[in-house]
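Have a look at the structure below before the remarks.
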Amino acid sequence: MKIIIIGGGAAGMMAAMAAAESGASVWLIEKNEKLGKKLFITGKGRCNVTNAGDMETLLANVCTNSKFLYSAFYDFDNRAVMRFLEQEGCPLKTERGERVFPVSDHSSDVIGAFQRALKRLGVKVLLNTEVKDLALCREDGAESIAGVELQDGRVLPADRCIICTGGMSYPATGSTGDGYRFAERTGHRLTPCSPSLVPFNIREEWCRRLTGLTLKNVSVRLCCRGREVYEGFGEMLFTHFGVSGPLILSASSFMGQKGKKSGKDTETEETRLFVDLKPALDEEQLDRRLLRDFEENKNKQFKNALGGLFPVKLIPVMRDLSGIHPDKKVNEVTREERRRFVKLIKNLPLTVTGLRGYEEAVITKGGICVKDINPSSMESKKVRGLYFAGEVLDLDALTGGFNLQIAWSTGHLAGKCARNTGE
């Protein structure tokens, strides 16, 4: 039996490995000059391969269609991924938030582990080779896979085909939506796509003054149309266009969703981001903290009394936004002014004008509708012998290794079931 996998990324390499374990003839087709091109830049080149949390944690961090992943996650979970990589000579370490990385901090070691496994299993890898279309035939009145047609006109016959072409994020790595085109031509539905795990564009000009500033241990609330859709704690970064960082990337997964009314003043029906600069303190505790700081600096002007509260770069911005005259002595600041300042610190408002593009998105939200795919095998319900895995499907998760786990698990299940179906 011959199995062709289209796409040599995370899902594709895993699918090829799983398909070849039974001795099937497996061809892995990649249009780039090397395998794992997107994987190479994942996690700023460190490659957060998975998350070491339990199954409940894995599923809880999937944003879209988590129930669809039950079979795939239980078939090949995070422990299986970690065992495989370490057995193939890529030792791992677990960091904050249960994020798992290669000990070397080099994504190339992860790719190298797969390359060794694929070579050992006899997978034929075709690089610099682009698939133009799928070749189909009819068997017993149903459409079935017959092979693939390459851009140079050649047709490669196959008994099974697994599409692992990814989404549209980081298009320079080859993720240009090919799989969506193959799917639509064979009658599969597509859920609208958008960039996800991506920075925000921000309207406020003062945001640009903070370019390069990283805030750690802050919390944010994202409110769309006056309703809170996300709340999280972590690290964020100010940029020349707005905000980024792990906390912001996670928040982007919830853009446009209909959340619950937060009960807090969201000020506008626009998409708003509220940053709590002191999440460990409630408003009363923060007010007492301000009183202590002001008492210690009672002879100083307001503009010179904020050093203990904020990073240096943030002080002039908070001073300007406070509405308190910068030359006012802190012992002259009124209770009402202090209370407004407390609310500002706990709810620093930013107006989100949009998401950055696919060029900066970690993943694509949306994709092939999972209702057209059998979750226990990853096989299409419309074309016999056609399978899908990875980001090409309408599956996405938060940051922390969860999206790569989706790729590993769905790729492994697709490869295993493709080989077993023909036995």
Side-chain angles (χ1 to χ4, degrees), residues 1-42 47 49-50 72 75-92 100 102 104 106-131 145 147-148 150 156-166 173-175 178-179 378 387-392 404-423:
M1 181 173 64
K2 183 176 178 180
I3 301 172
I4 286 180
I5 292 101
I6 308 174
M13 290 190 293
M14 182 62 83
M17 187 195 76
E21 285 179 339
S22 66
S25 175
V26 178
W27 291 35
L28 178 56
I29 301 177
E30 169 56 51
K31 68 180 179 181
N32 286 311
E33 74 284 0
K34 60 184 178 182
L35 296 176
K37 197 165 183 178
K38 183 179 177 183
L39 196 61
F40 184 74
I41 62 173
T42 298
C47 194
V49 294
T50 189
D75 171 73
F76 198 79
D77 63 10
N78 49 357
R79 305 298 165 186
V81 173
M82 294 163 72
R83 280 195 304 272
F84 161 73
L85 288 172
E86 296 202 311
Q87 288 168 0
E88 290 295 336
C90 179
L92 304 172
V100 181
S104 66
H106 293 148
S107 56
S108 56
D109 289 348
V110 177
I111 298 167
F114 275 96
Q115 289 175 324
R116 289 189 290 274
L118 294 173
K119 184 176 181 180
R120 187 183 69 251
L121 292 165
V123 174
K124 184 176 178 62
V125 178
L126 300 181
L127 299 175
N128 297 303
T129 304
E130 189 168 354
V131 174
I145 201 74
V148 300
L150 305 182
L156 303 180
D159 302 290
R160 306 285 181 268
C161 180
I162 308 174
I163 295 178
C164 304
T165 50
T173 64
S175 298
D178 294 347
M378 297 294 129
Y387 298 75
F388 295 90
E391 194 181 338
V392 73
L404 268 181
Q405 185 60 50
I406 291 174
W408 307 133
S409 294
T410 57
H412 189 274
L413 184 59
K416 184 182 81 170
C417 291
R419 79 173 192 238
N420 289 343
T421 303
E423 293 177 355

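Taken to the nearest 0.5 Å, the OH atom of Tyr387 stands 12.5 Å off from the SG atom of Cys164. Here the CD1 atom belonging to Ile6 is positioned 7.5 Å from the OG1 atom belonging to Thr165, to the nearest 0.5 angstrom. Atoms SG and CD1, from Cys161 and Ile145 in turn, are 4.5 Å apart once rounded to the nearest 0.5 Å. Between Lys124 atom NZ and Leu156 atom CG the span is 9.5 Å, to the nearest 0.5 Å. Here CG of Leu85 is found 9.5 Å from OG1 of Thr50. Values are rounded to the nearest 0.5 Å. Interatomic distance, CG of Leu126 versus CD1 of Ile29, reported as 5.5 Å (0.5 Å rounding).
Stacking of Lys34 on the aromatic ring of Phe40 is recorded, both the 6.0 Å distance cut-off and the 45° axial limit being met.
Legend: residues meeting side-chain hydrogen bond (donor to acceptor under 3.5 Å, both in side chains) with Gln115, ordered by chain and number and at least two apart, are absent. Partners of Arg120 by salt bridge (Lys or Arg N to Asp or Glu O under 4.0 Å), not counting sequence neighbours, listed by chain and number: Glu88. Considering only residues two or more places apart in sequence or on other chains, Gln87 meets the side-chain hydrogen bond (donor to acceptor under 3.5 Å, both in side chains) condition with none of them. By the salt bridge (Lys or Arg N to Asp or Glu O under 4.0 Å) test, Glu130 is found to be paired with no residue, residues two or more places apart in sequence or in another chain being considered. Asp178 is linked by a salt bridge (Lys or Arg N to Asp or Glu O under 4.0 Å) to Lys31, Arg181, counting only residues two or more places apart in sequence or in another chain.
Taking each heavy atom of Leu28 and Gly12 in turn, the nearest pair found is CD1-O, 3.9 Å. Of all the heavy atoms in Asn32 and Gly174, the pair that sits closest is ND2-CA, 4.0 Å. Closest non-hydrogen pair, Glu30 versus Gly7, comes out as OE1-C, 3.8 Å. Ser409 and Ala72 make their closest contact through CB-O, 3.4 Å (heavy atoms, listed as atom of the first residue, atom of the second, distance). A pairwise comparison of heavy atoms in Gly36 and Ile111 identifies O-CD1, 3.3 Å as the closest pair. When all heavy atoms of Met378 and Ala414 are compared, the closest pair comes out as CB-CB, 3.7 Å.
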Side chain to side chain contact (heavy atoms under 4.5 Å, CB included) evaluation trace for Val123 with Met17: CA-CA 8 Å; Val123 174; Met17 187 195 76; over 6 Å; no
Derivation and outcome, side chain to side chain contact (heavy atoms under 4.5 Å, CB included), residues Val110 and Cys90: CA-CA 6 Å; Val110 177; Cys90 179; 4.1 Å; yes
Stepwise side chain to side chain contact (heavy atoms under 4.5 Å, CB included) test for Met14 and Phe76: CA-CA 11 Å; Met14 182 62 83; Phe76 198 79; 3.4 Å; yes
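In this structure a side-chain-to-backbone donor-acceptor pair under 3.5 Å is missing from Arg160 to Arg419. Counting only distance, with no hydrogens or angles, the side chain of Asp109 and the backbone of Pro102 share no donor-acceptor pair below 3.5 Å. For the pair Lys2 (side chain) and Pro157 (backbone), a donor-acceptor distance under 3.5 Å is present. Trp408 contributes no side-chain N or O that, together with a main-chain N or O of Asp77, makes up a donor-acceptor pair within less than 3.5 Å. Of the possible polar contacts, one joining the Glu86 side chain to the Leu92 backbone as a donor-acceptor pair under 3.5 Å is found. Listed for the Ser175 side chain is no donor-acceptor partner under 3.5 Å among the backbone atoms of Thr173.
The side-chain heavy atoms of Glu33 and Leu127, taken from C-beta on, include no pair separated by under 4.5 Å. Counting heavy atoms from C-beta on, the side chains of Ile162 and Ile4 never come closer than 4.5 Å. Within the 4.5 Å cutoff, no side-chain heavy atoms of Leu118 are placed close to those of Val26. By the 4.5 Å heavy-atom criterion applied to side chains, Cys47 and Leu404 are counted as neighbours.
The stretch residues 1-34 participates, sequence neighbours left out, in no ring-ring contact (aromatic ring centres under 6.0 Å, His included) pair at all.
Aromatic ring orientation, Phe84 versus Phe114: tilted (interplanar angle from 30° to 60°).
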